[in-house]
Amino acid sequence: MPGELGLLRTIATVATACALLIGTAASLRAETTAERVLREGKIVIGISNGAPWGFRGAGGEPEGFHPDLIKAAFKGLGVGQVDIVVTEFGALIPGLTAQRFDAIAAGLYITPQRCELVAFSDPDLKLADAALVAKGNPKNVHSYAQIAANPEIRFGIGRGSTTAKNAAAAGVPDTNMLLFPDIQSNVSALLTGRIDVAAFSAPTVARILSDDNVEGIERALPFQGLQENGKERYGYSAIAFRKEDGDLRDMYNSRLKLLKSDGTLADIMAKNGFSDQEAAPDLTSEQVCAGQD
């Protein structure tokens, strides 16, 4: 009996010690990024200072599509302070990994390679090629297919650009393309009537049209770009978080879903030069990472 009593006491002592250790470990558990952001009411975002995605306005305040979207999303969570850190585009993911930012928002497209490095939010935009034309779209241009079929349409595009490759893949012959070294010269050719249509990425078109000094041109809506297997080729932009901050990403996703449903996202898109064509479908980042778009 004394032996049994001693054994019971030993078990009780070990159990108490384990309970204390567990309690101590719980109290010493590191605060997650999401918990800190909610506690401080502040989130730090890395951008690359490029319109229309995110940039510092004339007064130094962050402007653009993603700053507007992040402010709207986190405001509803009680996070009223959005601190913007500007860095080079190539330094965004390394800076996120090094914990310089809580998230990065600079028009990052969801790609399989990036999916290995970061935790993307669900898509906020669906992006394809877009076209600029003279006011009223006098040649009624709405697709690469039309440009390919009509040699009288004078078509300008950036030399070596992705849009040039997409146009060629869509059947536009080299003889139908006027190649320009930069965006400015392509837009200038459209403004002076040397070409009838100029193609760029949708974000570039939004940036061009946001310039108050640019008049006399408009976006061709709708516009159909490169088709693959009966579907248009799209890219999807999103905000990126660290892999270990899935709870912060999920918290943001819940707010993004609400902003989509109540029309706030559509208003932010319109404010920053995006059209209904860029509305993201009901896809998760996991689906896009897996190529299920």
Side-chain angles (χ1 to χ4, degrees), residues 51-53 65 107 109 123-180 182-211 214-237 260 263 265-283 293:
W53 298 113
F65 174 74
Y109 281 32
D124 45 48
L125 292 176
K126 175 188 73 176
L127 300 161
D129 292 354
L132 289 173
V133 293
K135 282 283 188 183
N137 195 1
K139 291 291 179 72
N140 197 31
V141 179
H142 292 288
S143 69
Y144 281 145
Q146 281 180 278
I147 298 168
N150 186 353
E152 293 185 4
I153 296 175
R154 297 166 299 168
F155 176 51
I157 205 156
R159 183 180 290 114
S161 66
T162 299
T163 46
K165 294 173 185 174
N166 288 345
V172 180
D174 292 344
T175 52
N176 280 29
M177 296 188 201
L178 278 174
L179 301 178
F180 293 92
D182 53 44
I183 294 169
Q184 291 75 16
S185 57
N186 201 353
V187 172
S188 177
L190 181 62
L191 288 168
T192 56
R194 289 176 53 210
I195 57 175
D196 302 305
V197 56
F200 307 93
S201 68
T204 298
V205 165
R207 183 172 77 238
I208 292 167
L209 293 179
S210 69
D211 187 341
V214 176
E215 298 179 349
I217 59 176
E218 65 184 31
R219 184 172 177 178
L221 290 171
F223 185 81
Q224 190 175 79
L226 174 61
Q227 304 290 297
E228 290 181 330
N229 301 318
K231 294 170 60 180
E232 189 160 3
R233 178 188 285 176
Y234 294 112
Y236 297 92
S237 65
K260 286 179 178 180
L265 177 56
D267 291 341
I268 292 171
M269 287 169 58
K271 174 186 172 184
N272 289 283
F274 293 105
S275 75
D276 291 343
Q277 281 199 181
E278 278 77 62
D282 189 19
L283 286 171
D293 59 336

Are Gln227 and Glu232 side-chain neighbours, meaning at least one heavy-atom pair lies under 4.5 Å?
yes
Asn140 CG: over 12 foreign heavy atoms closer than 6.0 Å:
yes
Does any non-hydrogen side-chain atom of Leu209 lie less than 4.5 Å from one of Arg219?
yes
Sole candidate of Asn166, Asp129, Thr163 that passes side chain to side chain donor-acceptor pair (under 3.5 Å) when paired with Tyr144:
Asp129
Rounded at 0.5 Å granularity, tell me how far NZ in Lys260 sits from CG in Asp124.
7.5 Å
Give me the atom names and distance for the closest heavy-atom approach of Ala134 to Leu190.
N-CD1, 4.2 Å
Over all heavy atoms of both residues, which pair between Ile147 and Asn176 is shortest? Give the atoms and the distance, please.
O-ND2, 3.2 Å
Taking all non-hydrogen atoms of both residues into account, name the closest pair between Asn186 and Gly158 and its distance.
ND2-N, 3.9 Å
Spacing of Lys139 atom NZ and Asn150 atom CG [to the nearest 0.5 Å]:
7.0 Å
Could you grab the distance from atom CZ of Phe200 to atom OG1 of Thr162, nearest 0.5 Å is fine?
13.5 Å
Residues at least two apart in sequence or cross-chain that pass ring-ring contact (aromatic ring centres under 6.0 Å, His included) with Tyr236, listed by chain then number, are none
Of all heavy-atom pairs linking Met177 and Ala164, the shortest is CE-O, 3.9 Å
Aromatic rings Phe65 and Phe274: how do their planes relate, parallel, tilted or perpendicular, breaks at 30° and 60°?
perpendicular
Pairs touching residues 147-171 that satisfy salt bridge (charged side-chain N to carboxylate O under 4.0 Å, His left out), sequence neighbours left out:
Arg154-Asp196
Out of curiosity, Ser201 OG to Leu127 CG, how far, rounded to the nearest 0.5 Å?
7.5 Å
Ser188 OG to Ile195 CD1 distance, which is reported to the nearest 0.5 Å:
9.0 Å
Taking the side chain as every heavy atom from C-beta outward, state whether His142 and Asn137 have any pair of such atoms under 4.5 Å apart.
yes
Search all heavy atoms of Gln277 against all heavy atoms of Phe223 and return the closest pair with its distance.
OE1-N, 2.9 Å
Going by heavy atoms in the side chains, are Ile183 and Arg207 under 4.5 Å from each other?
yes
Student check: side-chain heavy atoms of Leu179 and Ile157 closer than 4.5 Å:
yes
Ala206 to Gly273 - nearest heavy-atom pair and separation:
CB-O, 3.5 Å
Before giving the answer on side-chain contact (heavy atoms from CB on, under 4.5 Å), spell out for Met269 and Leu125 the whole-Å C-alpha distance, their side-chain angles and the decisive distance to 0.1 Å.
CA-CA 9 Å; Met269 287 169 58; Leu125 292 176; 3.7 Å; yes
